[in-house]
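In what follows, chains carry the letters A, B, and so on, assigned in the order in which the sequence lines appear, proteins first and then strands, with residues in each chain numbered from 1. Just so you know, these numbers use all the heavy atoms, side chains as well, and skip hydrogens, waters and symmetry mates.
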Number of protein chains: 2
Amino acid sequence: MTPLRLVIFEDNNDFRESLLHLFRFTPDVEVVAAYPDCSGVRNAVTQWKPEVVLMDIDMPGLNGIEATAVVKEASPTTQVVMLTVSEEEDRIFQALRNGATGYLLKKSGPDELVESVRLVHKGGSPMSPAIARKVLQFFHLTQATPQTAAAAPKTVETDDDALATGLTPREQEILEALVDGLSYKMIAAKHFISTDTVKNHIQGIYRKLHVNSKGEAISFALKRGLAGNR
Amino acid sequence: MTPLRLVIFEDNNDFRESLLHLFRFTPDVEVVAAYPDCSGVRNAVTQWKPEVVLMDIDMPGLNGIEATAVVKEASPTTQVVMLTVSEEEDRIFQALRNGATGYLLKKSGPDELVESVRLVHKGGSPMSPAIARKVLQFFHLTQATPQTAAAAPKTVETDDDALATGLTPREQEILEALVDGLSYKMIAAKHFISTDTVKNHIQGIYRKLHVNSKGEAISFALKRGLAGNR
DNA sequence: CAGGGTGTACCGCGTTTGTGGTACACCCTG
DNA sequence: CAGGGTGTACCACAAACGCGGTACACCCTG
């Protein structure tokens, strides 16, 4: 079978040579090209149609993040693995947004590098654990409240706002829960009350917000900042 | 220095024994306890205060996902690494939502397992590449592609904004309607289709956003700007 | 103390939503 | 042309929700 075509973009001459050397002993991977900058990135990918690209982030001229966007645009099926020393969050997310599917720190060992190239081609996303953690943290930010029936340490200091909307503190809490996407049952469990009581509060909320479904209430609350506390 | 305290939850006796055996030869990790089920998970973590927990997903009684929530609630600093054979998406996201910071497939080698335990304690998120890929795919969904290409002279055609979210154009429309608080009937009327078709599209939305109710979908969409057109 | 607001709880009833199927017609793309 | 994705539509069943009512125990405040 034909080896996997790999193109490398890495401005550091020593490191680029190391990579070339490394893959010279990897029969199933063929480095078809290696560039010290990304000026010709579009031509490079259209010409070589590589399965995988190893992309350094810090490069003069077009940097690796922008270049990644170009690669994915010119050849969507090409998998891009970022290679960097920095763990800067913004960089990471920009790269991932632009379509990178792997993200390795340069301190990764040679074996790991080689294996990562294979993995990304097989549909995986090799990622240094430190990077993965940052992605997960972001993931958590955007994912509210697990639905386990457990006491939630909630400090609603929102009394003033509550008054502004006419919602009672309790209703405010329930509204927050609604916005988190919880069902009556889950809210009941969370607050140790019966689902009927939840219903009562929710009826109060509907009356005061002039809505008549969960969906409207959530939409209203989020659009007006009544809940969702970003 | 004191070794890292590890607690294992794994119902398969053979595999649990293998793990015990494995860590017996790992001086910097001490398995303080290993259980075949999660019935006593809360007590276990409060008693042992482990730095790391290895948690199987498929277990009788309380499953690993639910147990993870309990662990994080009882001991927030404890890091939980999921261990599973399945690559089911919902499982993965539930576990991560509930606070797991690592996610390994059981086919991972012994060295990888040991290293993962160390890494998760050092602040990383060891993750099998196949898992990482799924997380990234989800990540992409929620990121309405702001290509950083400030310097990009080529004006990367953003033709497919809708595709960027992974939602089809139709699903995008339906999502907008949901955010407006419309019911199935109203959406059906608005788009001149049957309520069943609305349901189909909404199912597609739920699947892609990993939610399972109108409330969650609306909340998700608004928090991420997937809809609500600001 | 009487009355209003709040938080709690229960009941019933009809509607909406969620889940899991099957089906077919289109349009692509390999 | 076979196969995958999309958009359409239908069916059946269970769970969740919305609406109406009643009830009682608080804690205020007039």
Side-chain angles (χ1 to χ4, degrees), chain A residues 49 75-77 123 147 149 154 156 158-159 162-163 165-221, chain B residues 88-91 94 137 141 159-221:
Chain A
K49 287 282 174 200
S75 172
T77 61
Q147 71 292 39
K154 258 280 162 54
V156 183
T158 334
D159 328 65
L163 286 179
T165 70
L167 295 182
T168 68
R170 200 50 158 173
E171 285 168 349
Q172 184 68 33
E173 287 176 352
I174 305 286
L175 179 56
E176 297 282 352
L178 273 188
V179 167
D180 283 343
L182 305 187
S183 69
Y184 287 19
K185 263 191 195 170
M186 294 191 282
I187 297 174
K190 181 173 182 173
H191 291 288
F192 304 108
I193 57 180
S194 82
T195 61
D196 286 301
T197 300
V198 173
K199 231 176 350 184
N200 290 336
H201 289 306
I202 288 181
Q203 289 308 315
I205 293 171
Y206 289 175
R207 187 169 38 78
K208 292 175 183 173
L209 302 189
H210 301 288
V211 299
N212 46 41
S213 73
K214 273 174 68 169
E216 287 177 287
I218 294 170
S219 187
F220 188 95
Chain B
E88 242 186 284
E89 281 201 33
D90 282 351
R91 296 290 190 84
Q94 278 172 28
Q137 280 169 349
L141 269 187
D159 17 35
D160 32 15
D161 301 64
L163 289 181
T165 72
L167 296 181
T168 68
R170 201 51 160 170
E171 286 168 346
Q172 185 70 35
E173 289 175 352
I174 305 285
L175 181 55
E176 297 282 352
L178 274 188
V179 167
D180 284 342
L182 305 187
S183 69
Y184 288 19
K185 265 189 192 172
M186 295 192 282
I187 298 174
K190 180 172 182 172
H191 291 286
F192 306 105
I193 56 180
S194 81
T195 60
D196 285 301
T197 301
V198 174
K199 233 176 346 185
N200 290 335
H201 289 307
I202 287 182
Q203 289 306 315
I205 294 171
Y206 289 176
R207 188 169 38 76
K208 291 177 183 173
L209 302 190
H210 300 286
V211 299
N212 47 40
S213 72
K214 274 173 68 170
E216 287 177 286
I218 294 171
S219 181
F220 188 100

Original post:
A/Leu178 has an atom CG; how far is it from atom P of D/dC17, in whole Å?
Top reply: 9 Å
Original post:
Does C/dG30 pair with anything, Watson-Crick or G-U wobble, both distances under 3.5 Å, and if so, with which nucleotide?
Top reply: D/dC1
Original post:
How close or far is atom C1' of C/dA9 from atom CD1 of A/Ile174, stated in whole angstroms?
Top reply: 14 Å
**OP:** Taking the side chain as every heavy atom from C-beta outward, state whether A/Arg170 and A/Ile193 have any atom pair closer than 4.5 Å.
**Re:** yes
Subject >> Phosphate-side-chain proximity, B/Tyr184 and C/dT15, N/O vs OP1/OP2 below 4.0 Å >> reply: no
Subject >> Nucleotide C/dG5, atom C1' - distance to CD of A/Gln172 in whole Å >> reply: 18 Å
**OP:** Could you check which of C/dT6, D/dC11, D/dT6 has an atom nearest any side-chain atom of B/Asp196?
**Re:** D/dC11
Original post:
Whole Å only: how far is the CD1 atom of B/Ile205 from the C1' atom of C/dG18?
Top reply: 14 Å
Original post:
Is there a side-chain polar atom (N or O) of B/Arg207 under 4.0 Å from OP1 or OP2 of C/dT19?
Top reply: no
**OP:** Using modelled atom types only, decide if a donor and an acceptor are shared between the side chain of A/Thr195 and the backbone of A/Lys185 within a distance under 3.5 Å.
**Re:** no
Original post:
What nucleotide among D/dG7, C/dT8, D/dA9 has an atom nearest to a side-chain atom of A/Ile193?
Top reply: C/dT8
**OP:** Look up atom CD1 in A/Ile187 and atom CD in A/Glu176, then write down how far apart they are to the nearest 0.5 Å.
**Re:** 11.0 Å
Subject >> Distance in angstrom units between A/Phe192 CZ and C/dA9 C1', rounded >> reply: 17 Å
**OP:** Please state how far atom CG in A/Asn212 lies from atom P in C/dT16, giving the value in whole angstrom units.
**Re:** 11 Å
Original post:
Has B/His191 got a side-chain N or O lying under 4.0 Å from the OP1 or OP2 atom of D/dG7?
Top reply: no
**OP:** Measure the shortest side-chain to side-chain distance between B/Glu173 and B/His201 over non-hydrogen atoms and say whether it is less than 4.5 angstrom.
**Re:** no
Original post:
Between D/dG18 and A/Lys199, is there an OP1 or OP2 to side-chain N/O distance shorter than 4.0 Å?
Top reply: no
Original post:
Hey, is the side chain of A/Gln203 poking within less than 4.0 Å of OP1 or OP2 on D/dC19, counting only N and O atoms?
Top reply: yes
Original post:
Is the shortest side-chain N/O distance from A/Ser194 to OP1 or OP2 of C/dT8 below 4.0 Å?
Top reply: no
Original post:
Given atom NZ of B/Lys208 and atom C1' of D/dG7, what is their separation to the nearest angstrom?
Top reply: 12 Å
**OP:** Establish, with yes or no, whether the OP1 or OP2 oxygen of D/dC17 is under 4.0 angstrom from a side-chain nitrogen or oxygen of A/Ser213.
**Re:** no
Original post:
Across all strands shown, which nucleotide pairs with C/dC13 by Watson-Crick or G-U wobble geometry, both distances under 3.5 Å?
Top reply: D/dG18
Original post:
Of all the nucleotides listed (D/dT8, C/dT8, D/dG18), which has the minimum atom distance to the side chain of A/Tyr206?
Top reply: D/dG18
Original post:
To the side chain of B/Pro169, which of D/dG7, D/dG18, C/dT8 is closest?
Top reply: D/dG7
Original post:
Donor-acceptor pair, B/Tyr206 side chain versus B/Lys214 backbone, under 3.5 Å?
Top reply: yes
**OP:** Hey, which sits more toward the 5' end of DNA chain D by its nearest nucleotide, B/His201 or A/Asn200?
**Re:** B/His201
Original post:
Looking at B/Asp196, B/Thr197, B/Ile202, which hits side-chain contact (heavy atoms from CB on, under 4.5 Å) with B/Lys199?
Top reply: B/Asp196
**OP:** Could you check how far NZ of A/Lys185 sits from C1' of D/dA16, rounded to whole Å?
**Re:** 8 Å
**OP:** Verify the contact: side-chain N or O of B/Ser183 to OP1 or OP2 of C/dT16, cut-off strictly under 4.0 Å; return yes or no.
**Re:** no
